[in-house]
Amino acid sequence: MTQAETPRSTPEEPWPVRVVSQKVSAWIAKLGWVWVDGQVAQISRRPGASTVFLTLRDPSADLSLTVTTNRDVLDAGAPELAEGARVVLHARPEFYAARGTLSLRADEIRQVGLGELLARLEKLKKLLAAEGLFDRARKRRPPFLPGRVGLITGRASAAERDVLTNARRRWPAVEFRVVNVPVQGPTAVPQIIEALRLLDADEGVDVIVLARGGGSVEDLLPFSDEALCRTVFGCRTPVVSAIGHETDVPLVDYVADVRASTPTDAAKRIVPDLAEELRLIRQARQRLDRAVVGLLDRERQRLDAVRSRPVLARPEVMIEQRVVDVRGLRERAGRCLDHRLTTATGDLRQTLARLRALSPAATLQRGYAIVQRADGHVVRAAGEVTKGDQIRLRLAEGELEATVDG
């Protein structure tokens, strides 16, 4: 036999059901008298009977207990008690072993008045504010155009009609996922919490709306429940609270991401107005058109200004100006060259004159002669020749040959 198939060990001596029941009853009896707060879900007064049966429900949970009390106790503490009222009672838990049920036996019942309710709400409000549930920094902005809107409201209620009608009038293509729940009474809070969790888990829902029409403080009490406020705080989807009229401010309004004064106001906050958006688009297009036209006009003026400049109006002007410049440069170059040539010619003439003045030919023209020996050596002294030597005389015009005879 494997380990998974190993049977449980058998106790040495099992307890009979009777013993278990007795021990449970004894343990509950040790609790003694306690004060219990709850909401009356049902009252049963039997004609002629001195015992009254109440069903007391926890406003924040799907849980109830049966309460038995004497008619005189009820008439003394809460003679006008009705279903849905909030009460505080002094009771002792009792366990009925025969049926295995738990109930309360009350010897005092007090109906919670409006002043006490408001004081409790104020205390709860301070507690939630201290924990940061009302912090504006954590509030999220709903999407501009949600793909699907989750709506939690009463079945066939005016609040449901206001949200759906006004939202679809503003944006006809908006989609809703509506969850109908009780919006007052002892079953309201658990079902609203369940609906919130259901819509928050839906990936297609982009925003959740809690909607309810106006009512008394007692009617709106479920929307100030601590468990509901904490559930709204824990939602990942933005929550819009549209509870009652503008003057009604339950605690869930402080926790929600957006507070709408009425269900109609909620419809205006979750979807844009198609007509208004089209008007804004038209205005934006007109501004864009004006901006483009203005830009084109400015660029056209700049282009006209550029085209009106001489360099573009008559492009040949630039060439003509350069022709004039080149002609002037050529004339200056010609004058400069002529001047330099004239100066060089004068210098050359002076040099020629000096050369001619220093030239041997010029000396010969003045009657002088050059005497050379037969080997071409110029005779500068008489001792350089002897008698009988042949010499040559170079004159200004022609040459003579002679013989030295002395």
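Quick note: numbers below take in every heavy atom, side chains included, and nothing from hydrogens, waters or symmetry partners.
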Practice item. Decide side-chain hydrogen bond (donor to acceptor under 3.5 Å, both in side chains) for D389 and T386; before the verdict, give the C-alpha distance in whole Å, the side-chain angles of both, and the deciding distance to 0.1 Å. Key: CA-CA 6 Å; D389 289 342; T386 58; 3.0 Å; yes

Practice item. Could you check V178 against V163 for side chain to side chain contact (heavy atoms under 4.5 Å, CB included), going step by step and ending with a plain yes or no? Key: CA-CA 11 Å; V178 181; V163 174; over 6 Å; no

Practice item. For R279 and E276, run salt bridge (Lys or Arg N to Asp or Glu O under 4.0 Å): C-alpha distance rounded to whole Å, both residues' side-chain angles, the deciding distance at 0.1 Å, then the answer. Key: CA-CA 5 Å; R279 185 184 66 82; E276 178 66 15; 2.2 Å; yes

Exercise for review: Take E94 and I28, measure what side chain to side chain contact (heavy atoms under 4.5 Å, CB included) needs, and give me the verdict at the end.
Suggested key: CA-CA 7 Å; E94 293 183 346; I28 292 176; over 6 Å; no

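In terms of heavy-atom proximity, I270 sits nearest to P146 at O-CD, 3.1 Å. Considering every non-hydrogen atom in both V240 and A260, the closest pair reads CG1-CB, 4.2 Å. Between L65 and L102, the shortest heavy-atom distance links the atoms CD2-O, 3.8 Å. In terms of heavy-atom proximity, T153 sits nearest to S157 at OG1-OG, 3.2 Å. Counting all heavy atoms, side chain and backbone alike, L124 lies closest to S224 at CD2-O, 3.4 Å. Heavy atoms only, all atoms of each residue included: R380 and E384 are closest at N-OE1, 3.0 Å.
Between R327 and E331 there is no salt bridge, since no side-chain N of the basic residue sits under 4.0 Å from a carboxylate O of the acidic one. Taking the charged nitrogens against the carboxylate oxygens, E299 and R302 do have a contact shorter than 4.0 Å, which makes a salt bridge. Salt bridge annotation for R269-D265: present, with a cationic side-chain nitrogen under 4.0 angstrom from a carboxylate oxygen. With salt bridges taken as basic N to acidic carboxylate O contacts below 4.0 Å, none links D273 and K268. With respect to the salt-bridge test (charged N to carboxylate O, under 4.0 angstrom), the residues R138 and D257 qualify.
Note: W35 and H90 have tilted aromatic rings, judged against thresholds of 30 and 60 degrees for the angle between ring planes.
A donor-acceptor pair under 3.5 Å is formed between the side chain of E160 and the backbone N or O of A156. In terms of modelled atom types and a separation under 3.5 Å, the side chain of R140 and the main chain of R236 share a donor-acceptor contact. In terms of modelled atom types and a separation under 3.5 Å, the side chain of D200 and the main chain of L196 share no donor-acceptor contact. Under a 3.5 Å cut-off, the side chain of R287 and the backbone N or O of D289 do not form any donor-acceptor pair. Remark: side-chain polar atoms of D162 are not paired, donor with acceptor, to backbone N or O of T264 under 3.5 angstrom. In this structure a side-chain-to-backbone donor-acceptor pair under 3.5 Å is missing from T55 to A41. A donor-acceptor pair under 3.5 Å links the side-chain atoms of R170 to the main chain of V271, judged by distance alone. With hydrogens and angles ignored, the 3.5 Å screen pairs no side-chain donor or acceptor of T66 with any backbone N or O of S103. The main-chain N or O of A256 is found under 3.5 Å from a side-chain atom of K139 such that the two form a donor-acceptor pair. No donor-acceptor distance shorter than 3.5 angstrom exists from the side chain of S44 to the backbone of F53, with no hydrogens or angles considered.
Proximity of E399 to Q372: side-chain heavy atoms (C-beta onward) are nowhere separated by under 4.5 Å. L81 places a side-chain heavy atom less than 4.5 Å from the side chain of I43. A 4.5 Å side-chain heavy-atom check between R285 and R282 finds every atom pair outside the cut-off.
Put simply, CG on L121 and CG on D225 are 10.0 Å apart, with the number rounded to the nearest 0.5 Å. Atom-to-atom distance recorded for I370:CD1 and I391:CD1 is 13.0 Å, nearest 0.5 angstrom. Rounding to the nearest 0.5 Å gives a distance of 9.5 Å between OG of S308 and CG of L303. Atom CD1 of I152 is separated from atom CG of L199 by 5.0 Å, given to the nearest 0.5 angstrom. For the atom pair CD1 of I193 and SG of C229, the computed distance is 9.5 Å after rounding to the nearest 0.5 Å.
By the neighbour-count criterion of 12 heavy atoms within 6.0 Å, atom CD of E108 is densely surrounded, having more than that number from other residues, nucleotides or ligands.
With sequence neighbours left out, Y254 forms a ring pair (Phe, Tyr, Trp, His ring centres under 6.0 Å) with F134.
Using a 3.5 Å distance cut-off with no hydrogens or angles, the side chains of Q39 and R57 do not pair a donor with an acceptor.
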